[in-house]
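Okay, structure first, notes after.
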Amino acid sequence: MIAIACMALFAYAWTLALYFQFDDFWLGLVSGEQIRRAMHPFEEHGPLPPLLEHLFQPIVWIWLEFDAWLSGTPFRAWVYHATSIGVHAVTSVALYVLLARHVTRHAALIAATVFAVWPAGAQAVSWTAARGDMLWVTFTVFALLAARGSALLAGICLALGFAAKSSAWTSAPLVVLYAWLQRPEARRRVVSTCRLVLVLLLPLGLVAWWRANYLDTWSMLYIGGIQARADQIPVMLRAVPSALHYLLAPKNVVPDALAGLWNGSALNTALAFIAIVGLAFLFFTQGRRERYRRAVVALFVLAIPTVPAVFLWHLYPAAPGIYSSRALYPVVAAAAVVVALAFDASEREPEGHRVPAAVRSTRRTFVSRLVLVCIAASTVDTTLHVARLEIDAARRTRHRIESLQSHAEVVGNDITFVVTDPEPTRFGVLMTHTQIGAAVRPPFAASELRVLPIENVESWIRNDGLASIRGAVQLLELREDRFEPVTDVLPALPAVGHDAEIESPPTATVSFDAKLACTWRPPASFAPRAWSYLRVETDADVGRATVSFSGPPFADSSRAIQREVEFSGGSCNIALATDTELARRRSVESVSVAPTSAGSGHMTFSLVRSIRTLELVAPPAGSRIHFAPTPTFEVAGMPDGADLELRLQLVVFGARAPMAYRVPRADLDVRAGHARYAPSLRHFVGEDGLAWTEALAKIYREIAEPYGVHEFGLVGTIVAVRSGVTLASTPELRWTLTAN
């Protein structure tokens with residue numbers, strides 16, 4: 001047993017070099033809050049980060065809290081990985097003890113060793129947020145060990161596994177059948193059987209009741225916010241070959257740059273194939289009755305974890321296998337049972353065999369050694385691949401976070417970093433951008449700052465993304481494995497709810513007869529988004545004029561940003577060259593106004609720093625909005641002659657999809673500053689040109705409905721715009737969008 005534990009520890013020692021990854025950053029910060037919520041399942045709670053509100057894993061949360069206490073602040077990743085390795089080693093030893101009850105010690109040792117070192121389910125150990133799959137196996141093995149002595153203890157272990165991973169309820173038939181076979185009195189009396197089943201399943205039922213009140217669903221097929229349905233079976237079946245290939249040869253996803261002993265997966269697949277053929281030979285060189293009995297046991301044990309594994313595997317068809325390998329951890333445990341049955345030599349003479357016993361023994365010995373050699377070689381190779389892959393990803397993740405922290409030390413913490421990755425990210429390998437914000441917050445890091453991940457920064461800017469950030473902001477771009485700034489720090493927008501102007505600079509005079517441009521140079525150059533808009537007043541009849549914004553790197557007039565404006569009543573509000581035009585510019589050093597009409601006069605420039613507040617009337621913030629009928633948006637405080645813009649984002653599986661919507665004045669019902677609008681009247685801005693209901697229905701059918709998700713988040717602001725100038729805005733609003 002000590003040897004098995006040592007091999008398990010050695011096989012996963014490389015995880016100690018890993019940093020936090022994926023959902024580790026979320027769960028490590030909110031596990032305590034999730035425990036408190038789970039203790040009061042009947043109460044309404046505010047929203048958690050996306051996806052986490054659909055989880056029920058109190059045992060995992062408690063373990064994470066223990067690791068946080070053990071690690072201290074800021075969290076140390078190696079502590080989390082060390083406890084995961086320890087639990088994996090304990091599970092390997094417990095599996096050996098269980099198998100040794102029914103097969104030879106030699107067969108049990110080989111099977112437990114294969115389970116301890118085979119890397120197909122590595123992510124259940126290396127990814128702390130995926131511990132549920134490991135605990136599922138751990139508590140199932142404990143339940144089987146306890147089933148012979150105490151049915152209640154076995155039931156408690158089964159319930160604890162379910163409290164760690166919802167899929168663990170599928171182990172209940174195995175535990176019940178095993179406990180029933182261990183008790184002769186239960187096999188003879190129906191009453192004893194009913195009592196045994198009740199004692200075993202009662203703790204599981206109590207946890208299921210707890211889970212139903214926490215998640216608001218009794219469905220046992222509801223996993224992480226996704227509902228399994230019968231129409232997903234064809235897709236799941238198509239995912240079986242990919243999952244099986246990865247189970248046999250996990251290195252098939254590793255880039256050549258991270259190769260282990262051999263490049264390519266052909267040799268590794270061949271080794272796995274030889275091992276499978278050898279195991280089949282060992283399995284079926286038994287007596288007819290014996291091999292049929294063992295085949296039934298093997299198929300039953302394999303079927304339990306395979307369906308949940310394939311269900312999870314088919315959700316990420318484009319992701320490398322390493323991302324879904326956590327689901328294969330229970331399958332590896334079931335496969336270890338099959339290995340034990342294959343290596344367990346029956347003492348009875350096989351029926352119908354005419355080959356002498358000595359020859360059969362020699363053949364079995366040769367095949368057994370060949371299988372062990374193939375498994376050992378394949379294990380070393382695949383472990384090198386998986387380890388190097390995850391260590392490389394962890395290194396990149398850490399460098400990204402350190403670069404953000406170093407920028408924060410220079411510019412201060414009161415800033416939002418907008419990060420973008422111009423390179424295609426290996427999904428499931430490098431840390432997804434949605435996790436970076438949590439990664440740089442305490443207790444993971446020593447300082448606090450805000451990070452907004454954007455896949456396409458240009459598209460985000462065009463949809464007024466910068467206008468949604470009130471504080472200071474800086475755009476960063478991924479170069480190599482670090483984030484580097486592409487803009488200076490853009491100052492904070494003024495607070496909503498005030499209308500203040502700065503002191504006007506000295507008046508500029510121009511002779512319109514000569515059609516000379518009036519050029520105004522601010523006392524100090526100002527950066528984009530520093531002001532809401534520029535107000536220009538003149539005592540001459542100007543009419544139309546051309547406004548040019550100049551500054552590095554577009555100092556010459558040919559590269560200046562220009563726009564046409566119309567003076568009305570001697571004044572004009574001009575939207576500054578911000579967001580779309582100046583997102584990647586440093587500053588504005590001069591503003592020139594070139595009138596198109598003759599005349600002379602004076603011009604006064606002033607910068608208006610703030611906007612008024614729009615008051616949302618309907619639908620109330622935080623309420624549920626249905627796809628159909630189309631909701632009606634109502635706001636109070638609408639400025640005269642302004643257009644309404646819905647700057648919304650749809651939150652789907654943690655990602656945000658912009659749904660910018662510009663409402664012409666003709667579609668608005670405005671009365672005494674009260675504007676009313678139903679978004680079904682015109683089309684959303686986008687390539688598909690779909691109306692509100694059609695656009696949402698399309699997203700729902702293609703992204704959410706196949707996975708049983710019927711609710712989205714909807715966030716954003718509603719603004720009043722006139723001539724490109726934002727005059728008024730609501731605070732950020734949040735709703736729940738539902739298809740039901």
At what distance, to the nearest 0.5 angstrom, does [atom1] of [X] lie from [atom2] of [Y]?
X	Y	atom1	atom2	value
S167	W136	OG	CH2	5.0 Å
W14	S126	CH2	OG	4.5 Å
Q123	M134	CD	CE	12.0 Å

So if I apply the side chain to side chain donor-acceptor pair (under 3.5 Å) rule between W127 and each of D24, D133, T15, which one comes out positive?
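With W127 as partner, side chain to side chain donor-acceptor pair (under 3.5 Å) holds for just one option, D24.
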
Closest approach of [X] and [Y], non-hydrogen atoms and distance?
X	Y	value
A163	V207	CB-CG1, 4.1 Å
A112	S92	CB-O, 3.8 Å
A336	F115	CB-CB, 3.8 Å
A116	A11	O-CB, 4.0 Å

Salt-bridged, R105 to D344, with N to O below 4.0 Å?
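No, this pair does not count.
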
Please check this pair: side chain of T113 against backbone of L109, looking for a donor-acceptor N/O pair closer than 3.5 Å.
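Checking the backbone N and O of L109 against the side chain of T113, a donor-acceptor pair under 3.5 Å is found.
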
Does some side-chain heavy atom of F142 sit less than 4.5 Å from a side-chain heavy atom of T91?
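Side chain of T91 against side chain of F142, heavy atoms only: no contact under 4.5 Å found.
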
Measuring centre to centre across the rings, with the benzene-like ring taken for any Trp, is H40 within less than 6.0 Å of Y214?
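Judged by ring-centre distance (under 6.0 Å), H40 and Y214 do not meet the cut-off.
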
Looking at the rings of H102 and Y178, which for Trp means the six-membered one, are their centres under 6.0 Å apart?
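Between H102 and Y178, the centre distance is under 6.0 Å.
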
Quick one: which of V371, L372, L370 gives a side-chain contact (heavy atoms from CB on, under 4.5 Å) with C374?
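It is L370, the one option of V371, L372, L370 that forms the side-chain contact (heavy atoms from CB on, under 4.5 Å) with C374.
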
